[in-house]
Amino acid sequence: MPEMTYSAALNKALREEMNRDPNVFVMGEDIGVWGDGGGVFSVTKGLLDEFGSQRVLDTPISEEGFVSMGVGAALVGSRPVVEVMYSDFLTLVMDPLVNQAAKMRYMFGGQAKVPLVVRTNLGAAGGKAAQHSQSFETWFMHVPGIKVVVPTTPADAAGLLKTAIRDDNPVLFLEHKLLYFMKGEVPDVIEPIPFGQALIRREGKDVTLVATQVMLQLALKAADQLFEEEGIDVEVIDPRTLVPLDLETILTSVKKTGRCVIAHEAVERAGWAAEIGFEVSLQAFDFLDAPIVRVCSANLPVPYTKDLEAVVIPGLNDIKDGIRAVYQGKQYSRGGRAINE
Amino acid sequence: MTVDKDSKQNKRDNELEVRLLRTMMLARAFDSNLPTLYNKGLIQGSSHSAIGQEAVAAGACLALRTEDYVTSTHRGHGHTIAKGADLTRMTAELLGRETGFCRGKGGSMHIADFSVNMLGANGIVGGNFGIAAGAALSLKMRGSDAVVLSFFGEGALNQGAFLETANMAKIWNLPVIFLCENNHFAMSARPEDMLAVGAIVDRAGAVGIPGVEIDGMDVGAVFDAVQAAAARARAGEGPQFIAAECYRFEGHFSGDTMAYRDSAEADLWLERDPIPRQIQRLVSAGVLTTEDVTSMESDVKAMVDEALVQASAAPFPNPQQAWEDVYA
Ligand SMILES: Cc1ncc(C[n+]2csc(CCOP(=O)(O)OP(=O)(O)O)c2C)c(N)n1
């Protein structure tokens, strides 16, 4: 299998989907010629040359407008893939996504189909500070009618993007800034990967750890180190999609290990760890040997300078601490409270 | 004999003139029934009467082709009727019945009939600008010669989404018609207090979209303007803007006491009611007799009544249906 970056894998999947289906088109800011030929993270590289400006639309800086146009185009038969340059700008497209795209099928009694993909990227990438580092995936889990995808490996990114494009529903496809230039094996033939199928990335018998994206990578490292250093055997689960969520795989694992850690880069308070943790406590209560632990960002904006950023975003040691805590039956939290709350 | 026999470009024949009148009457009869439905407890939530604005809905939709699309607003019954939606299914939707267009999940504010390319009313003021422009983008990409018409009130013009989508419609030369119904109110807000430009069309002019201001109480004027705009959009001339001046005769929604409204102003506008105006035109031209008019009036009333009878007989959705249609 060839190795390629996450960005290149997304690019390949996008190109193949555009070739497969003439109704697929892409739009977004600076996706045509910026950088080395398409997009701040090169995901749309070369597409303008290949498909022309009719299907690769460089938009003005009008997020609400062009996401809303994606909704309208999807409604009458196109399959738009709309790029929002940073996920922080999702704040500007809440109406088209939440009130329009997610609601149309329901409020129109099944008449509408909205095959729209909105691609953007989550997370901190070092020094991007408060308006370019946030992780908003939980907000959209809270909106019935949208699917939420959070791929980690290049192969998953490519396969899940194909599924997203072929899905007849609005899909929020959340990439991660730090993953774009990481490499991984991608099959020669990229098959769509079904939504709602978690993967066990590492088998283990002592602790179940659920994580996505950068936290997943740290989780795998933490698991290897703790196994070697302290003999704790961690099972690491990658949900891959948050809506739909493969709770079964998580529950089965927790029933085996009796301990559960959930790690995410979104802030701790009301993040999706709370959702999964609640379901685990409800559905695997009798199997739990320790309080559930979450390792998440502190309840703070993301600061600029390195040492402060590290206070907010969990690192490898935080995840190891979380695992140790659950293993010892102790409570753990790094969310904290701002002083004047 | 045609009423407008002097007009070279947009000949409206008598049959069309009568259809315009009839469509306005039907829209009026439908909205006139809303208070009764409320009083009988048959409908809940908000529904917004467009009484007084029927010329805009009828003139615009009849100037479009069946394959053309419209996007509508919270004040959308007239648009929906004029685009050709079935009255019984509309009524059933207001009554929350299973047979309604949205199977009882939408109600008045989310009526949609995709079978006549009516892409939905919208509970979000300004929410349909991008949907209309995006539909136009898709149609253009796929080589269709259909156009999209976006209805909206003058209040919606102050949403940033208008500037964003109108600008994109212009740079991409999209076949979309922005039709502003200036009914002089956005709830209690007056356009002269809220719009920083004097002329509404200047908003479109700001992004280079040609615009016309028309008398929205004259169904013929609306028809002609929309027909011309649609022809230009179809011919590849890009987005068009029409500002139709009209008046909201009733409250914002049922129960609005309209303490903010000046009755002298309202009286002046009531005199310009588009329906008597069209009747007078057709009767004085000898196209219709007063008996014809009376029978048209009782006809549309009977249609609305019959729709209510049928809709009332339809079942409410099974509670299990709350779980359906979230995802395709
Ligand atoms: C985004 C948004 N803001 C506010 C409202 C509440 N609201 C409903 S209708 C309306 C007035 C709209 O005025 P206009 O666009 O002129 O349409 P009209 O009601 O006159 O038909 C307001 C403020 C809303 N539904 N959506």
Side-chain angles (χ1 to χ4, degrees), chain A residues 22-25 27 53-55 57-80 82 92-96 98-116 143-147 167-171 195 243-244, chain B residues 69 71 93 98 100-107 109-115 117 119-124 126-142 144 146 148 150 159-169 171-172 174 176 317 321-322 324-328:
Chain A
N23 288 319
V24 177
F25 72 92
M27 69 197 298
S53 58
Q54 293 298 306
R55 290 178 70 196
L57 282 83
D58 252 333
T59 66
I61 306 159
S62 303
E63 284 83 4
E64 180 183 359
F66 66 73
V67 169
S68 181
M69 287 177 65
V71 178
L75 207 55
V76 300
S78 291
R79 305 188 86 86
V82 182
L92 295 158
V93 307
M94 289 308 256
D95 188 64
V98 175
N99 285 329
Q100 312 294 343
K103 300 296 190 290
M104 284 175 151
R105 185 165 187 85
Y106 195 79
M107 70 186 177
F108 298 155
Q111 295 181 80
K113 221 168 62 174
V114 189
L116 167 75
V143 180
I146 288 189
K147 297 185 180 181
D167 198 294
D168 280 336
N169 298 285
V171 177
F195 288 171
V243 179
Chain B
Y69 288 85
T71 63
E93 189 54 40
E98 192 188 341
F101 279 124
C102 311
R103 306 172 75 207
K105 291 197 180 98
M109 232 181 333
H110 305 301
I111 277 197
D113 180 2
F114 279 50
S115 73
N117 288 356
L119 294 177
N122 211 308
I124 306 297
N128 76 29
F129 292 127
I131 292 164
L137 173 68
S138 173
L139 293 170
K140 185 181 175 192
M141 272 178 183
R142 291 181 292 132
S144 158
V148 185
S150 163
Q159 289 285 23
F162 176 72
L163 179 74
E164 296 187 14
T165 49
N167 179 63
M168 282 184 276
I171 60 174
W172 294 329
L174 303 180
V176 58
Q321 289 179 19
E324 296 171 6
D325 303 324
V326 184
Y327 292 99

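Numbers restart at 1 for each chain; the letters A, B, ... are given by sequence-line order, proteins then strands.
- For the options B/Met168, B/Glu324, B/Arg103, heavy-atom pairs under 4.5 Å to chain A are most numerous at B/Met168.
- Across every non-hydrogen atom of B/Asp113 and A/Gln111, the tightest pair is CA-OE1, 3.4 Å.
- Minimum interatomic distance between B/Arg142 and A/Ser78 (heavy atoms only, all atoms of both residues): NE-OG, 3.8 Å.
- Neither the backbone nor the side chain of A/Val93 comes within contact range of chain B; no heavy atoms are under 4.5 Å apart.
- Counting heavy-atom pairs closer than 4.5 Å to chain B, the top residue among A/Pro60, A/Gly70, A/Pro115, A/Pro144 is A/Pro60.
- Residue contact with chain A, scored on non-hydrogen atoms closer than 4.5 Å, is absent for B/Phe162.
- Taking each heavy atom of A/Glu63 and B/Glu164 in turn, the nearest pair found is N-OE1, 3.9 Å.
- The line from CZ of A/Arg105 to NZ of B/Lys105 is 9.5 Å long, rounded to the nearest 0.5 Å.
- In this structure, the portions of A/Thr59 lying under 4.5 Å from any heavy atom of chain B include both its backbone and its side chain.
- Within the 4.5 angstrom heavy-atom criterion, only side-chain atoms of A/Phe25, from C-beta onward, approach chain B.
- The part of B/Asn167 that comes within reach of chain A is its side chain, from C-beta onward, which places non-hydrogen atoms under 4.5 angstrom from that chain.
- Residue A/Pro96: no heavy atom, backbone or side chain, is found under 4.5 Å from chain B.
- Closest heavy-atom contact between A/Tyr106 and B/Ala322: OH-O, 2.6 Å.
- Contacts of A/Ile146 with chain B are made by backbone atoms alone, with heavy-atom separations under 4.5 Å and no side-chain atom involved.
- Residues A/Gln100 and B/Asn122 have side chains in contact (heavy-atom distance under 4.5 Å, counting atoms from C-beta outward).
- The shortest non-hydrogen separation linking B/Leu137 to A/Met27 is CD2-CE, 4.2 Å.
- For the set A/Leu75, A/Asn99, A/Ile61, A/Val71, the entry with the most heavy-atom pairs within less than 4.5 Å of chain B is A/Leu75.
- If you tally non-hydrogen atom pairs under 4.5 Å between each of A/Gly110, A/Gly145, A/Ala74 and chain B, the highest count goes to A/Gly145.
- Summarising the geometry, atom CZ belonging to A/Phe66 is positioned 13.0 Å from atom OG1 belonging to B/Thr165; distances are rounded to the nearest 0.5 Å.
- With a 4.5 angstrom heavy-atom cutoff, A/Ala112 touches chain B via backbone and side-chain atoms both.
- Taking the side chain as every heavy atom from C-beta outward, B/Met141 and A/Leu57 approach each other to under 4.5 Å.
- Note that CE of A/Met104 is 3.5 Å distant from CD1 of B/Ile131, once rounded to the nearest 0.5 Å.
- Per-residue heavy-atom pair counts under 4.5 Å with chain A were compared for B/Gly130, B/Gly120, B/Ser115, and the maximum is reached by B/Gly130.
- Every side chain to side chain contact (heavy atoms under 4.5 Å, CB included) that A/Asp167 has, sequence neighbours left out, goes to A/Lys147, A/Asn169, A/Val171, A/Phe195.
- When the candidates B/Gly104, B/Gly106, B/Gly100, B/Ala112 are compared by the number of heavy-atom contacts under 4.5 Å with chain A, B/Ala112 comes out ahead.
- Taking CD of A/Glu64 as the start and CD of B/Gln159 as the end, the distance is 7.0 Å to the nearest 0.5 Å.
- For chain A, the nearby part of B/Ile171 is the side chain; its heavy atoms alone come within less than 4.5 Å.
- Taken to the nearest 0.5 Å, the CZ atom of A/Phe108 stands 8.0 Å off from the CG atom of B/Leu119.
- B/Ala121 touches chain A through its backbone: at least one of N, CA, C or O sits under 4.5 Å from a heavy atom, while the side chain does not.
- With hydrogens and angles ignored, the 3.5 Å screen pairs no side-chain donor or acceptor of B/Tyr327 with any backbone N or O of A/Asp168.
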